[in-house]
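Just below is one structure, and these are the notes that go with it.
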Amino acid sequence: MMAKVVVIGAGVVGLTTALELQRRGYSVLVLDREGIAAQASAGNAGAFAFSEVEPLATPGIMRKAPKWLLDPLGPLSVPPSYALKIAPWMFRFWKASRLGSYKDSLRAQASLMEQSAAALTRLITDIDGEHMMQRDGQMQLYEGEAEYRASLPTWELRRQHGIEFELLETREGIAERQPGLSPRFTHAGFTPNWINTVDPKNWVEHLAQAFLTRGGRIEIQETRALFPVNGAVRITLADGEIDADKVVVCAGAWSHHLARTIGDLIPLETERGYNTTLPEGAFDLRMHLTFSGHGFVATRINGGVRIGGAVELGGLDLPPNFKRADTLLNKAAKFMPGLKTEGGTQWMGFRPSLPDSLPVIGPSPSAPDVIYAFGHGHLGLTQAAGTAELVGALVDGQPTQISLTPFSASRF
């Protein structure tokens, strides 16, 4: 076996990366403070959203900022108690929304999406994962001509990047693909190649089982600090220390705390996402639905329906505000008449987000044997396989399949 690599984080990015490094011949240990799929990987919408190439920081978005503070239950909000703390991040977000920066982020995001879509195909074959996929497509819904027309530039961006879609301009066309929706939705865009997993938690557990079967190790350990020593990396744990030749940080919304221990200040924030998962029989959902003007989705999870989404930029410490989940479920009941809202389970998760909507992928500026792979926002599941192959190339000392300059930790 080749030199030992430690991956910190047993979510979808960490375990996909561990599998890729293992495939390349490395002895890999995964550390996580809680266990497999314990955070955002457990309760997300389960979507491989390769068509979502546009960054959150779009030109003109900052004009909406005052509304976020005034509507704590809106699709994109900042709790007033957190507004001062997040101000430096919001300044970087504003800079990222300027036209030139936005175009740079868009190109980088598209390249990572293309890499990730191809990598997922390879991964599914490698670990016999096709039975965990749902290939039913996705429909983005619009209320009225004005909202639909406003979306057309985004669809044009997708066309330019080779994404297949069909635009629907009648209620009948929508109902043909998804019966039972409110007539308020007059237009839609259908993405036929969209993929969901039957359950994101089960998918990550499947990754973990493949990794363990092939000789990998997963330990529940809290990692507190990293520092380079004698050509290796020393990892300080809650109950001791270990050394590794390479360390890959995939700790999601906690990753920047570890980066800080070796002197890297990375402006990571958390998109706190909320959802409610309803039991089997709640609605005859035929595909992934995106309610574009309201910032949430409906998706099939193990035969049930998960209603979730929205963005609350509120850090790691504020208590959950499950009124947000209630608001989304109430809206869904109006938009999907006949939806049975009883018996649901609520959840909140932390999506690790950087101001330009791009993850950090690449070596630490302070310690080149530490490699970062975090900050994917709401696209961790989508970009995990692509990220893993990029990290594999870095650990091998080989050229990466796409340029990593836009994803560098030093870009801030």
Side-chain angles (χ1 to χ4, degrees), residues 1-41 204-205 207-266 268 316 350 352 359-376 380 384 387-398 409:
M1 298 289 283
M2 294 175 68
K4 183 174 70 178
V5 180
V6 172
V7 174
I8 301 172
V12 68
V13 176
L15 284 167
T16 307
T17 298
L19 264 170
E20 174 63 19
L21 292 169
Q22 188 183 60
R23 187 188 68 80
R24 291 170 179 259
Y26 293 94
S27 173
V28 184
L29 167 65
V30 175
L31 301 175
D32 194 282
R33 62 192 184 90
E34 292 186 70
I36 298 165
Q39 291 295 330
S41 293
V204 179
E205 289 171 346
L207 295 170
Q209 188 56 55
F211 173 69
L212 293 169
T213 298
R214 298 173 186 184
R217 291 188 297 142
I218 301 173
E219 295 182 7
I220 299 177
Q221 294 265 17
E222 181 186 357
T223 303
R224 294 186 172 174
L226 305 171
F227 56 96
V229 55
N230 299 327
V233 181
R234 183 151 296 163
I235 305 168
T236 302
L237 305 171
D239 59 356
E241 294 180 337
I242 59 171
D243 288 351
D245 295 296
K246 299 279 186 182
V247 172
V248 186
V249 179
C250 309
W254 288 265
S255 298
H256 59 312
H257 295 312
L258 288 176
R260 191 177 296 123
T261 67
I262 52 176
D264 295 332
L265 302 180
I266 299 175
L268 183 140
L316 291 167
F350 300 106
V360 171
I361 305 172
S364 157
S366 305
D369 291 324
V370 175
I371 296 172
Y372 294 142
F374 62 83
H376 297 79
T387 298
E389 290 189 349
L390 294 168
V391 170
L394 288 170
V395 174
D396 272 349
Q398 299 296 320

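At a threshold of 4.5 Å between non-hydrogen side-chain atoms, the residues Arg260 and Leu265 count as touching. A heavy-atom distance below 4.5 Å is not found between the side chains of Thr223 and Val6. Contact check for Pro228 versus Ile262: side-chain heavy atoms found under the 4.5 Å cut-off. Within the 4.5 Å cutoff, the side chain of Val360 has no heavy atoms near those of the Leu268 side chain. Residues Leu21 and Val248 have side chains in contact (heavy-atom distance under 4.5 Å, counting atoms from C-beta outward). Within the 4.5 Å cutoff, no side-chain heavy atoms of Arg24 are placed close to those of Val5. The shortest distance between side-chain heavy atoms of Thr261 and Arg224 does not fall below 4.5 Å. The side-chain heavy atoms of Trp254 and Gln39, taken from C-beta on, include a pair separated by under 4.5 Å.
Note: Leu237 CG to Glu219 CD = 8.5 Å, rounded to the nearest 0.5 Å. Going from atom CG of Leu31 over to atom CZ of Arg217 covers 8.5 Å, rounded to the nearest 0.5 Å. In this structure, Leu394 CG and Ile371 CD1 are separated by 5.0 Å, a value rounded to the nearest 0.5 Å. The distance from atom CZ of Arg214 to atom CD of Gln209, rounded to the nearest 0.5 Å, is 11.0 Å. For the atom pair CD1 of Ile235 and CD of Glu241, the computed distance is 10.0 Å after rounding to the nearest 0.5 Å. Rounding to the nearest 0.5 Å places CG of Leu29 at 5.5 Å from CD1 of Ile242.
The minimum heavy-atom distance linking Gly11 with Ser41 is given by the pair CA-OG, 3.4 Å. Smallest separation of non-hydrogen atoms from Ala225 and Leu258: N-CD2, 4.0 Å. Pro352 approaches Gly252 most closely through the heavy-atom pair CB-C, 3.5 Å. Among all heavy-atom pairs drawn from Val247 and Ala244, the shortest one is CG2-CB, 4.1 Å. Ala10 approaches Gly35 most closely through the heavy-atom pair CB-O, 3.8 Å. Heavy atoms only, all atoms of each residue included: Cys250 and Ser255 are closest at C-OG, 4.0 Å.
Between the Gln22 side chain and the Val28 main chain, no donor and acceptor come within less than 3.5 Å of each other. Looking at Ser27, its side chain never comes within 3.5 Å of a backbone N or O of Lys4 through a donor-acceptor pair.
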One pair to check against side-chain contact (heavy atoms from CB on, under 4.5 Å): Asp32 and Ile218. What are the steps and the verdict?
CA-CA 8 Å; Asp32 194 282; Ile218 301 173; 5.6 Å; no

Before you tell me yes or no, could you show the steps for Val13 and Phe374 under side-chain contact (heavy atoms from CB on, under 4.5 Å), namely the whole-Å CA-CA distance, both residues' side-chain angles and the distance that decides it to 0.1 Å?
CA-CA 8 Å; Val13 176; Phe374 62 83; over 6 Å; no

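With hydrogens and angles left out, the side-chain atoms of Tyr372 and Asp264 include a donor and acceptor closer than 3.5 Å. With no hydrogens or angles considered, no side-chain donor-acceptor pair links Thr16 and Glu20 at under 3.5 Å.
Under the side-chain contact (heavy atoms from CB on, under 4.5 Å) rule, Val12 has a single partner from Ile36, Leu207, Thr17, which is Leu207.
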